[in-house]
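Below: the structure, in structure tokens.
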Amino acid sequence: MSDKQKIHEPKFHMAKRDALPWHISWLIRIGSIVLALIVCAILTMILVGENPFKMYATMFQGAFGTPRRIWNLFQSIAMLLCVALALTPAFKMKFWNIGGEGQVLVGGLATAACMILLGGKLPNALLIPIMLIASILAGAIWALIPAFFKAKFYTNETLFTLMMNYVAIQLVSYFCMLWESPKGSGNIGIINQANHEGWVPTIGNYDYLLNILVVLALTAFMYIYLKYSKHGYELTVVGESENTARYIGINVKKVIIRTMLLSGAICGISGFLLVGSTNHTVTTTIANNRGFTAIMVAWLAKFNPIYMILTSFILCFLEKGANEISTVFGLNHSFSDIITGIILFFIIGSEFFINYEIKFRNSHKEVK
């Protein structure tokens, strides 16, 4: 054997990066969006031969073209943000609550049930608080079920909460058939359209302003709760290490159940706002996949409720803009989805460069 032996190693490797200053992190994210827009522009010219700048102007028009579109955008942001806020405490605790969709649905179903069964029998001043309480309880109970089994029997919360979504969909589908109007339609239709019993009142002429204000209040509450409250500290410790939490005297089972009750309750509020204020009906699609999209909102914002406002805006803007592109240019909706997907891919990919760095080294070294 020779005195020297060559040891071959990769020319580069990935290493965990120290925490970057916040402004550097956001510069990387903004740079990824700019790069994504350039890639989308090239793809647009190659595939459909359209002027990419005109398409981007159309996206902006789709989101901000009229006052009504602006209010619809803010409403969409508020509803998505509400569900993201609900999932955040569970995710910080490393409880992977994939059941936001179902928790919103049962909250909305409870609201609709109150409107149908109690509408006309109680004054609105009493009916609306009952609707709110019912939706909060429904969402909280729906989240409590997987939380209990996780705390007691260590079940897989991801599969359990995902399964609960499908149960909620079938439950809503059943009641849509039970309360269908007109008969044979398979849907409930607008509830109490004649007298507006149970319709959440509006502020002035702004249909969605109350929803937006409620969600802003929830955002402030969640920020304070996570950052400054004892409960927020405990769930963060449980997320970091359950053993450490037990060592310092935290009741892990209690924290899991308490946190999921809060998570489900806020999802219930989202269902209340969607049914009682926005749509005035309930369907199996009323949550509109917000329970899944909200996961991306929370994750991109690093579970910071304030940053979630920005990430919610980006996703809702892309959705509104992509729909407008499909309409104006007569393109298949799949193309607008491709544009949205590319931009999201670059945004998500930027998180890699924020958290990791690539270190280069010699391809081999000699040892004796």
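Numbering of residues begins at 1 and proceeds along the displayed sequence. Side chains included, hydrogens not; waters and symmetry mates left out as well; all remaining heavy atoms used.
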Problem - Remaining members of the apolar cluster that contains M177, side-chain heavy atoms under 4.5 Å - result: none
Problem - Side-chain cluster (under 4.5 Å, hydrophobic types only) that Y223 belongs to, other residues - result: I224, Y228, I306
Problem - Over 12 non-hydrogen atoms of neighbours within 6.0 angstrom of CZ in F353 - result: no
Tabulate below the donor-acceptor pairs under 3.5 Å that side-chain atoms of residues 118-132 make, not counting sequence neighbours, or state none.
unit_1	atom_1	unit_2	atom_2	d
K121	NZ	L117	O	3.2
N124	OD1	G198	N	2.8

Problem - Listed once per pair and sorted, the side-chain hydrogen bond (donor to acceptor under 3.5 Å, both in side chains) pairs that draw on residues 256-271, sequence neighbours left out - result: N97-S263, H231-R258, E234-R258
Exercise for the section: Sequence neighbours left out, what pairs pass ring-ring contact (aromatic ring centres under 6.0 Å, His included) with at least one residue falling in residues 289-309? Expected result: W26-Y307
Problem - Qualifying residues under salt bridge (Lys or Arg N to Asp or Glu O under 4.0 Å), relative to K320, sequence neighbours excluded - result: none
Exercise for the section: Taking salt bridge (Lys or Arg N to Asp or Glu O under 4.0 Å) as the test, write out the residues that go with E319, two or more places apart. Expected result: none
Practice task
With sequence neighbours excluded, give me every side-chain hydrogen bond (donor to acceptor under 3.5 Å, both in side chains) pair touching residues 154-164.
Solution key: K150-E157
Fill in the blank from the handout: Hits for ring pair (Phe, Tyr, Trp, His ring centres under 6.0 Å) against F160, two or more places apart or cross-chain, chain-then-number order -> F149
Problem - Side-chain donor-acceptor contact under 3.5 Å, S277 with N211 - result: yes
Fill in the blank from the handout: Hits for salt bridge (Lys or Arg N to Asp or Glu O under 4.0 Å) against E197, two or more places apart or cross-chain, chain-then-number order -> none
Practice task
Only counting residues at least two apart or in another chain, list the ones meeting salt bridge (Lys or Arg N to Asp or Glu O under 4.0 Å) with K227.
Solution key: none
Exercise for the section: May I ask you to list the residues sharing a hydrophobic cluster with L144, side-chain cutoff 4.5 Å, ordered by chain and number? Expected result: I257, L261
